[in-house]
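I have placed the structure first, in the form of structure tokens, so that the comments after it can refer back to it.
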Amino acid sequence: MDILEKIVIDKRKEVDLRKSLIPVSQLESSVLFSRETVSLANALKNSTTGIIAEHKRRSPSKSVINHTLNVQDVATGYENAGVCGMSVLTDGKYFGGALDDLLLARASVKMPLLRKEFIIDPYQILEAKAYGADVILLIAAILTREEIKSFSEFAKGLGLDVLLEVHNEQELQKSIMPSLDMLGVNNRNLKTFEVSLETSKKLSTLIPNDFVKVSESGISSIEAIKKLQPFGFKGFLIGENFMKTNNPGESAASFISSLK
Ligand SMILES: O=P(O)(O)OC[C@@H](O)[C@@H](O)c1c[nH]c2ccccc12
């Protein structure tokens, strides 16, 4: 069994437990549920830098990245750096995150927030909204075409943007549909952890131009971004490169100023 399969098995158990403890009606009556969302896709379209900065404490591929920072400080630092949006990992077991991280980030900033999660059930989309997200991630590798369609339409109905993540041509072909706002190419294979920016370049030509193209993972230099821009990428999701430092906001700020 590969790591992605393991994560999904654990996630189903976790979601069943959450559902039994917090009913949908409670999520729907939370204060943030009626908040008006801010579009990440629009922010990326209007930006010349397009950085989406991530809060990630650890990962199955790197183990500990940073366990000492306060998520509110990280969020404020990223916003001041001028990023287009922030990705907040909410998976606990494999990434050391929590839904409360999303809530705390929301309390600190106005910029678009992405709930970074292994979404396998519409309940998690309601949670995303209730905890202050503006965007959800859907991962093609763990969903059927029918699920991608129904989950993305459900999210759109709640005012959330949808970022659909693919890693190969087959995942991309099954996923293209109008209810998605952004198509992300993950340069990291979630089954083997291998990282190659060539994956973004290879798949870019197959992504129709009506989607905002995002390149995800393994980006650690300005040169990498300069190489990806000619392939039509408008968004760049960066986690470890910022989170491995003592001050992710400052590293994002200096990264963005050298990109301009
Ligand atoms: O830390 P990196 O290599 O800059 O990567 C960030 C982000 O792309 C990565 O965390 C990610 C991309 N897709 C995911 C899906 C689930 C968990 C994590 C991810």
Side-chain angles (χ1 to χ4, degrees), residues 1-38 40 54-60 71-72 75 85-108 112-166 171 174-175 177 179-182 184 186 190-191:
M1 200 191 309
D2 64 52
I3 181 83
L4 197 54
E5 288 168 322
K6 270 199 209 135
I7 293 176
V8 169
I9 288 173
D10 284 330
K11 196 53 73 180
R12 290 203 193 284
K13 290 188 200 143
E14 181 195 323
V15 172
D16 284 345
L17 179 66
R18 283 182 181 278
K19 276 182 175 174
S20 72
L21 296 172
I22 302 178
V24 165
S25 58
Q26 195 173 322
L27 295 176
E28 287 173 341
S29 59
S30 80
V31 174
L32 288 171
F33 202 85
S34 50
R35 167 184 165 272
E36 200 165 321
T37 53
V38 197
L40 176 62
E54 187 160 275
H55 181 261
K56 172 155 84 168
R57 290 193 183 87
R58 60 181 153 90
S59 73
V71 62
Q72 291 186 273
M86 175 177 178
S87 160
V88 182
L89 246 328
T90 59
D91 173 78
K93 183 164 180 186
Y94 297 90
F95 290 88
L99 261 174
D100 273 353
D101 289 334
L102 183 59
L103 200 62
L104 291 170
R106 178 78 291 152
S108 320
L113 295 179
L114 164 74
R115 178 182 189 190
K116 194 58 139 8
E117 182 54 85
F118 299 84
I119 292 186
I120 43 138
D121 191 303
Y123 180 85
Q124 295 163 288
I125 302 173
L126 293 168
E127 281 181 329
K129 179 84 200 226
Y131 282 77
D134 301 283
V135 194
I136 56 153
L137 175 78
L138 295 178
I139 303 174
I142 60 173
L143 300 170
T144 63
R145 178 173 171 87
E146 291 64 40
E147 286 170 327
I148 295 171
K149 184 166 187 297
S150 64
F151 292 6
S152 55
E153 286 173 355
F154 184 57
K156 298 302 303 165
L158 295 170
L160 297 162
D161 270 6
V162 180
L163 168 62
L164 187 280
E165 171 180 309
V166 300
E171 288 173 12
K174 89 169 178 199
S175 306
M177 55 183 80
S179 47
L180 311 173
D181 303 282
M182 293 163 279
N186 196 347
L190 291 177
K191 297 171 201 275

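- The number of heavy-atom neighbours closer than 6.0 Å to NZ of Lys6, taken from other residues, nucleotides and ligands shown, is 12 or below.
- The shortest distance between side-chain heavy atoms of Pro112 and Asp161 does not fall below 4.5 Å.
- Among residues at least two apart or in separate chains, side-chain hydrogen bond (donor to acceptor under 3.5 Å, both in side chains) pairs with a member in residues 114-124 are Lys11-Glu117, Lys19-Asp121, Glu54-Lys116, Thr90-Arg115, Thr90-Glu117, Arg115-Glu117, Arg115-Glu127.
- Residues Leu40 and Asp181 fail the side-chain proximity criterion, which asks for heavy atoms closer than 4.5 Å.
- A salt bridge between Asp134 and Arg106 is present, with a side-chain N of the basic residue lying under 4.0 Å from a carboxylate O of the acidic one.
- Shown here are the ring-ring contact (aromatic ring centres under 6.0 Å, His included) partners of Tyr131, two or more places apart in sequence or in another chain: there are none.
- Taking CD1 of Ile7 as the reference point, atom OH of Tyr94 lies at 6.0 Å (rounded to 0.5 Å).
- Panel note: side chain Ser179, backbone Ser152; no donor-acceptor pair is recorded below 3.5 Å.
- Annotation: the span from Glu147 atom CD to Ile139 atom CD1 amounts to 12.5 Å, rounded to 0.5 Å.
- Here the side chain of Lys129 pairs no donor or acceptor atom with the backbone of Glu28 at under 3.5 angstrom.
- Using a 4.5 Å heavy-atom threshold, the side chains of Leu190 and Glu165 count as touching.
- Panel note: side chain Asp2, backbone Lys191; no donor-acceptor pair is recorded below 3.5 Å.
- Put simply, the side chain of Glu171 does not reach to within 4.5 Å of the side chain of Asn186, judged on heavy atoms.
- With contacts defined as side-chain heavy-atom distances shorter than 4.5 Å, the pair Leu126/Leu158 qualifies.
- In this structure, the separation between NE2 on His55 and OG on Ser87 is 10.5 Å, given to the nearest 0.5 Å.
- For the pair Leu160/Phe154, no side-chain contact is recorded, criterion being any heavy-atom separation below 4.5 Å from C-beta on.
- Annotation: the span from Ile119 atom CD1 to Phe151 atom CZ amounts to 8.5 Å, rounded to 0.5 Å.
- Ser30 places no side-chain N or O within 3.5 Å of a backbone atom of Gln26 that could act as its donor or acceptor partner.
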